[in-house]
Amino acid sequence: YTLCDLGFLKYDAQQRRYRLGSATLATGYPLLANLSIRHAAQPLMQALADEAGGSVSLGLRDRHQMVYVQTCRGHEAIAFRPDIGGSLPIWATAMGRAWLAGVDAEQREHVLKTIRREHAAAWRTFRTTVMAQLSAYDARGFCLSLGDWQRDIHAVAVPMRVPIDGETLVFNCGVPAVRLAPTRLERQIGPRLVRMVREVERAWQEGR
């Protein structure tokens, strides 16, 4: 009753269930508005999305999920079209794996402990892949997901080294698998995304 009264929930009589109300937009907007780095990064994100023929997104962690806070798509239509507010699991995605690689060991272990407890079956499925990506991160600076979340989408992700309001933000680039040569994601798009993120970091620090 209280949530409905405040506008956070609305009862759908036809569906006989509750759905989110318009007040949730007002709650989320200040967070997005304060993330001014979204606007600073957007031109670089769009350029890479056009170049890669996929999508480039920026996300942050919400418990055991990563949430998109900005996204740019290439001009061509693609099968997977991420949008602001969309969420995806840490363990199965390049963005989630890059977040794990980018935070300190204590924070990483805390999140992994929660995943092992609350998503045991998923962790058993992805544990080997996650740990392999974390090990490879130090050498190449990015993490991969080869169809683990969306079967026909391959993705690469890079965490920012500069915390924003205490949060570790992550950029990713997802491309339909049919458009990728076998080594293009790792040899071309991954290093290109690393360069983009470093440029965003420099621009952010100089702007501040």
Side-chain angles (χ1 to χ4, degrees), residues 1-39 41-42 45-46 49-50 52-100 110-126 129-130 145-155 157 164-165 167-179:
Y1 171 84
T2 302
L3 291 174
C4 286
D5 189 53
L6 294 173
F8 289 100
L9 288 179
K10 187 172 183 179
Y11 185 70
D12 188 326
Q14 185 175 2
Q15 297 289 332
R16 300 179 64 184
R17 61 190 299 180
Y18 290 92
R19 59 182 175 83
L20 292 176
S22 58
T24 56
L25 291 174
T27 302
Y29 177 75
L31 170 63
L32 293 177
N34 286 332
L35 285 173
S36 57
I37 192 170
R38 297 186 310 126
H39 307 297
Q42 186 171 2
M45 294 170 64
Q46 187 64 59
D50 293 339
S55 63
V56 177
S57 302
L58 173 64
L60 52 76
R61 182 183 73 93
D62 174 28
R63 294 165 294 178
H64 51 263
Q65 303 279 324
M66 299 299 295
V67 179
Y68 290 126
V69 295
Q70 183 75 324
T71 188
C72 296
R73 293 185 285 266
H75 292 307
E76 300 178 43
I78 60 173
F80 178 56
R81 301 176 68 83
D83 207 349
I84 294 174
S87 62
L88 54 166
I90 284 178
W91 55 86
T93 59
M95 182 177 278
R97 294 163 185 175
W99 183 88
L100 290 170
H110 173 74
V111 172
L112 289 178
K113 183 178 179 180
T114 302
I115 292 172
R116 288 193 294 264
R117 182 179 67 248
E118 298 183 8
H119 303 277
W123 180 245
R124 286 194 295 270
T125 299
F126 290 104
T129 304
V130 170
S145 175
L146 304 178
D148 294 329
W149 174 233
Q150 298 283 337
R151 186 169 55 185
D152 57 343
I153 298 294
H154 290 186
I164 306 297
D165 294 333
E167 298 280 357
T168 297
L169 302 184
V170 181
F171 288 90
N172 80 345
C173 180
V175 182
V178 296
R179 297 185 180 180

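Among all heavy-atom pairs drawn from Met45 and Cys72, the shortest one is CB-SG, 3.8 Å. Across every non-hydrogen atom of Ala92 and Ser145, the tightest pair is O-OG, 3.0 Å. Residues Val170 and Ala98 come closest through the heavy atom pair CG1-CB, 3.7 Å. Nearest heavy-atom pair across Ala49 and Val56 is N-CG2, 3.6 Å. Considering all non-hydrogen atoms of both residues, Trp99 and Thr168 come closest at CD1-O, 3.3 Å. For the pair Cys173 and Ala52, the tightest heavy-atom approach, listed with the atom from each and the gap, is SG-CB, 3.8 Å.
The line from CD1 of Ile37 to CD of Glu167 is 12.5 Å long, rounded to the nearest 0.5 Å. Considering CD of Gln65 and CG of Leu60, their distance stands at 12.0 Å, rounded to 0.5 Å. Atoms CZ and CG, on Phe8 and Leu20 in that order, are 10.5 Å from each other to the nearest 0.5 Å. Rounding to the nearest 0.5 Å gives a distance of 11.5 Å between NZ of Lys113 and CD of Glu118. Residue Ile164 holds its CD1 atom at 5.5 Å from CG of Leu169, rounded to the nearest 0.5 Å. One finds the CD atom of Gln42 at 4.5 Å from the CD atom of Gln70 (value rounded to the nearest 0.5 Å).
For Arg63, there are no salt bridge (Lys or Arg N to Asp or Glu O under 4.0 Å) partners, not counting sequence neighbours. Shown here are the side chain to side chain contact (heavy atoms under 4.5 Å, CB included) partners of Gln15, two or more places apart in sequence or in another chain: Asp12, Arg17.
Panel note: side chain Gln46, backbone Arg73; a donor-acceptor pair is recorded below 3.5 Å. Asn172 places a side-chain N or O within 3.5 Å of a backbone atom of Ser57 that can act as its donor or acceptor partner. A distance-only check finds a donor-acceptor pair linking the side chain of Arg97 to the backbone of Trp91 [under 3.5 Å].
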Does Asp148 form a side chain to side chain contact (heavy atoms under 4.5 Å, CB included) with Phe126? I'd like the steps, not just the answer. CA-CA 9 Å; Asp148 294 329; Phe126 290 104; 3.7 Å; yes

Could you check Arg38 against Ile84 for side chain to side chain contact (heavy atoms under 4.5 Å, CB included), going step by step and ending with a plain yes or no? CA-CA 11 Å; Arg38 297 186 310 126; Ile84 294 174; 4.0 Å; yes

Evaluate side chain to side chain contact (heavy atoms under 4.5 Å, CB included) for Tyr68 paired with Ser87, printing each intermediate quantity in order. CA-CA 6 Å; Tyr68 290 126; Ser87 62; over 6 Å; no

Step-by-step side chain to side chain contact (heavy atoms under 4.5 Å, CB included) determination, His119 to Thr114: CA-CA 8 Å; His119 303 277; Thr114 302; over 6 Å; no

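Residues Ile90 and Ile115 meet the side-chain proximity criterion, which asks for heavy atoms closer than 4.5 Å.
Taking a cutoff of 4.0 Å between a charged side-chain nitrogen and a carboxylate oxygen, Arg179 and Asp152 do not qualify as a salt bridge.
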